[in-house]
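Written out below as structure tokens is the structure these notes cover.
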Amino acid sequence: MTYTSSLLRLLDERGYIHQITDAQGIDALAAKQVVPGYIGFDATAPSLHVGSLVQIMMLRRLQQTGHKPIVVMGGGTTKIGDPSGKDESRKMLTPEAIGANIASIRTVFERLLTFGDGPTDAVMVDNDEWLSQLGYIELLRTVGPHFTINRMLTFDSVKLRLEREQPLTFLEFNYMILQAYDFRELSRRQGCRLQMGGSDQWGNIVNGIELTRRMDGTELFGLTTPLLTTADGAKMGKTAAGAVWLNEDQLPAYDFWQYWRNCDDRDVGRFLRLFTDLPLEEIARLEALEGAGINDAKVVLANEVTKLCRGEEAARTAAETALTTFAGGGLGQDLPTLEVPAEGIRLAAACTAVGFTASNGEAKRKIGEGAVRIDDEPVTDPAFLITVDGGATRKLSLGRKKHAVLLSG
RNA sequence: GGACAGGUGGCCGAGUGGUUAAAGGCAGCAGACUGUAAAUCUGCCCGCGCAAGCGUACGCUAGUUCGAAUCUAGCCCUGUCCA
């Protein structure tokens, strides 16, 4: 369908839209007034990762088209301990830890959104503000009548668990009620009219809309993004090496840049539309590049995303490091470094020390396989003693992609 | 509270007394081929040690045994059904 509001048009042409509760309704609303819209985020870690970036970018799009982004931090829900994952997510965080996480996460939002008091300035709120005030009996009486178990059982989040015969705790079952309540509360406090989220949030969003309609008679809207996976089917933002964190102190800019630089050919166009502000014509040109030429598009992608999330400076340094390291065979300043003591260090120990390998045993195996090079010369003796002359630097590499700088210590 | 089933390496999943650091698959890492991509083929894939070797590991604890992931007891956890 064609949209009249710039918001919906932008979201549509850039590939953010999976489902909308009432496409015409929200389009009409966005065409005539400032729409405050929110997305909820978890506060279980000191940083969000790339998996949340689509949502953050949607808030950015909201603001770009003249609307008001509301960032909702799940401080209240985090207090309970999000039960959706398996064992690790069972941990319950202290209020102090949650507060620290929220402060840390906020730094990324500040790069991508403009905060303030103006009508289209972004605001950040913590759902703990209202959730922790709730009394159980009160909640049951006011909200309880609007939910039927029959209906709740039909939601995918619940249904899938039951079908797979996986446990679903009462706590988790209640999660959707709290999330629904969030939407209603935001509608009352901030005049929020739109909730966005990943496609897995559809049920929660719809519940919030229904609850608010029944309790207050207010009409709200919901919009979800497609579930983002990489071309080979993996969830975005998680690699075997760990999550791709948005915060600098969780993941160095160089590694962040490399994540995008190494993306699958098939993902380039999609990612450029979702995660950069580049004009669509420019993206069309980039994704049309063929063969090795697509690498140029990947560099642009890495530059742009790193610029947005980490700043110009970080993006430039990471790009320069990549250029000199890969193309020039030299050394970039952004690479991990290791100070080598005067008496030298064994090759295997050096590999582990710079983080190439998890253990000396693994390092030895890799060395034996001929994967490790010093100054681009393969070395196959794990006991080889590396020394660095005073003031000089040497290059340590494992495979094509892992490089580090050795300094004299 | 009761009956039954089950808990194995990042995940899935074989294994019912020694030859099992534990088949196979997935994921991952490296090599070859390339384009810092994908696909494919090959190798690797608990830790320490230069090495010989040692230490840990099959939910937890205690036991049987020359020897246990495998047998016994108790406990914990999960699922299904019953109350």
Side-chain angles (χ1 to χ4, degrees), chain A residues 83 85-90 160-170 172 229-244 254-272 286-303 306 318-332 334-335 344-373 376 378-386 395-404:
Chain A
K86 290 180 187 168
D87 6 87
E88 65 168 301
S89 54
R90 285 267 164 82
L160 290 175
R161 287 292 193 81
L162 296 179
E163 277 169 7
R164 276 191 250 134
E165 302 192 345
Q166 285 173 342
L168 175 74
T169 62
F170 184 64
E172 183 168 21
T229 54
T230 56
D232 45 19
K235 263 193 214 145
M236 267 216 84
K238 300 225 171 161
T239 65
V244 183
Y254 176 72
D255 295 319
F256 185 80
W257 193 93
Q258 285 294 328
Y259 174 77
W260 299 100
R261 173 60 247 267
N262 284 318
C263 80
D264 194 293
D265 284 7
R266 294 165 288 178
D267 289 327
V268 176
R270 200 159 51 106
F271 287 179
L272 282 167
L286 287 169
E287 75 178 325
L289 294 171
E290 288 182 16
I294 194 83
N295 283 326
D296 295 340
K298 292 186 187 181
V299 170
V300 173
L301 174 68
N303 283 340
T306 308
E320 276 166 14
T321 297
L323 186 68
T324 51
T325 308
F326 285 93
L331 284 169
D334 235 8
L335 295 175
I345 183 170
R346 283 170 189 273
L347 184 52
C351 287
T352 305
V354 296
F356 287 175
T357 50
S359 67
N360 280 346
E362 186 187 345
K364 278 177 226 158
R365 286 191 297 269
K366 288 294 168 248
I367 294 164
E369 290 169 10
V372 177
R373 283 159 289 131
D376 296 317
V379 180
T380 52
D381 175 14
F384 183 85
L385 203 64
I386 309 171
K395 179 182 182 182
L396 178 67
S397 311
L398 191 154
R400 291 278 283 154
K401 294 183 195 170
K402 293 174 186 160
H403 304 281

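Among the heavy atoms of the strands lying under 4.0 Å from A:G291 is at least one base atom, whether or not backbone atoms are also near. Residue contacts for A:W260: at a heavy-atom cut-off of 4.0 Å it reaches no nucleic acid atom on any strand shown. Residue contacts shown for A:D264 are limited to sugar-phosphate atoms, with no base heavy atom under 4.0 Å away.
Residues passing the side chain to side chain contact (heavy atoms under 4.5 Å, CB included) test with A:A318, sequence neighbours excluded: A:W257, A:D334. Qualifying salt bridge (Lys or Arg N to Asp or Glu O under 4.0 Å) partners for A:D264, counting only residues two or more places apart in sequence or in other chains: A:R266. The side chain to side chain contact (heavy atoms under 4.5 Å, CB included) test applied to A:A288 returns no partner, not counting sequence neighbours. Legend: residues meeting salt bridge (Lys or Arg N to Asp or Glu O under 4.0 Å) with A:R270, ordered by chain and number and at least two apart, are A:D267. Residues satisfying the salt bridge (Lys or Arg N to Asp or Glu O under 4.0 Å) criterion with A:E362, sequence neighbours excluded, are absent altogether. Residues passing the side-chain hydrogen bond (donor to acceptor under 3.5 Å, both in side chains) test with A:T321: none are found, sequence neighbours excluded. Remark: A:T306 pairs with no residue by the side-chain hydrogen bond (donor to acceptor under 3.5 Å, both in side chains) rule, at least two apart or across chains. With sequence neighbours left out, A:D296 forms a side chain to side chain contact (heavy atoms under 4.5 Å, CB included) with A:L289. Listed by chain and residue number, A:K366 satisfy the side chain to side chain contact (heavy atoms under 4.5 Å, CB included) test with A:E369 (two or more places apart in sequence, or in another chain).
Comparing B:G31 with B:C45, their C1' atoms are spaced 15 Å from each other, to the whole Å. Distance check on atom C1': B:C58 versus B:U16 gives 13 Å, rounded to whole Å.
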Pairwise N/O distances under 3.5 Å, protein to nucleotides 42-44 of chain B:
residue : atom : partner : partner atom : Å
B:C44   : O4'  : A:E369  : OE2          : 3.4
B:C44   : O2'  : A:R365  : NE           : 3.3

Any protein N or O atoms within reach of nucleotides 49-51 of chain B? Criterion: under 3.5 Å, listing atom names and distances.
residue : atom : partner : partner atom : Å
B:G49   : OP2  : A:N360  : ND2          : 2.9
B:G49   : N7   : A:K364  : NZ           : 3.4

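Across the strands present, B:A69 finds no partner; the criterion is a Watson-Crick or G-U wobble pair with both atom distances under 3.5 angstrom. Of the nucleotides present, B:C77 is the one that pairs with B:G6 by Watson-Crick or G-U wobble criteria, both distances under 3.5 Å.
Of the residues in residues 395-404 of chain A, those lying under 4.0 Å from RNA chain B by heavy-atom distance are A:L398, A:G399, A:R400, A:K401, A:K402.
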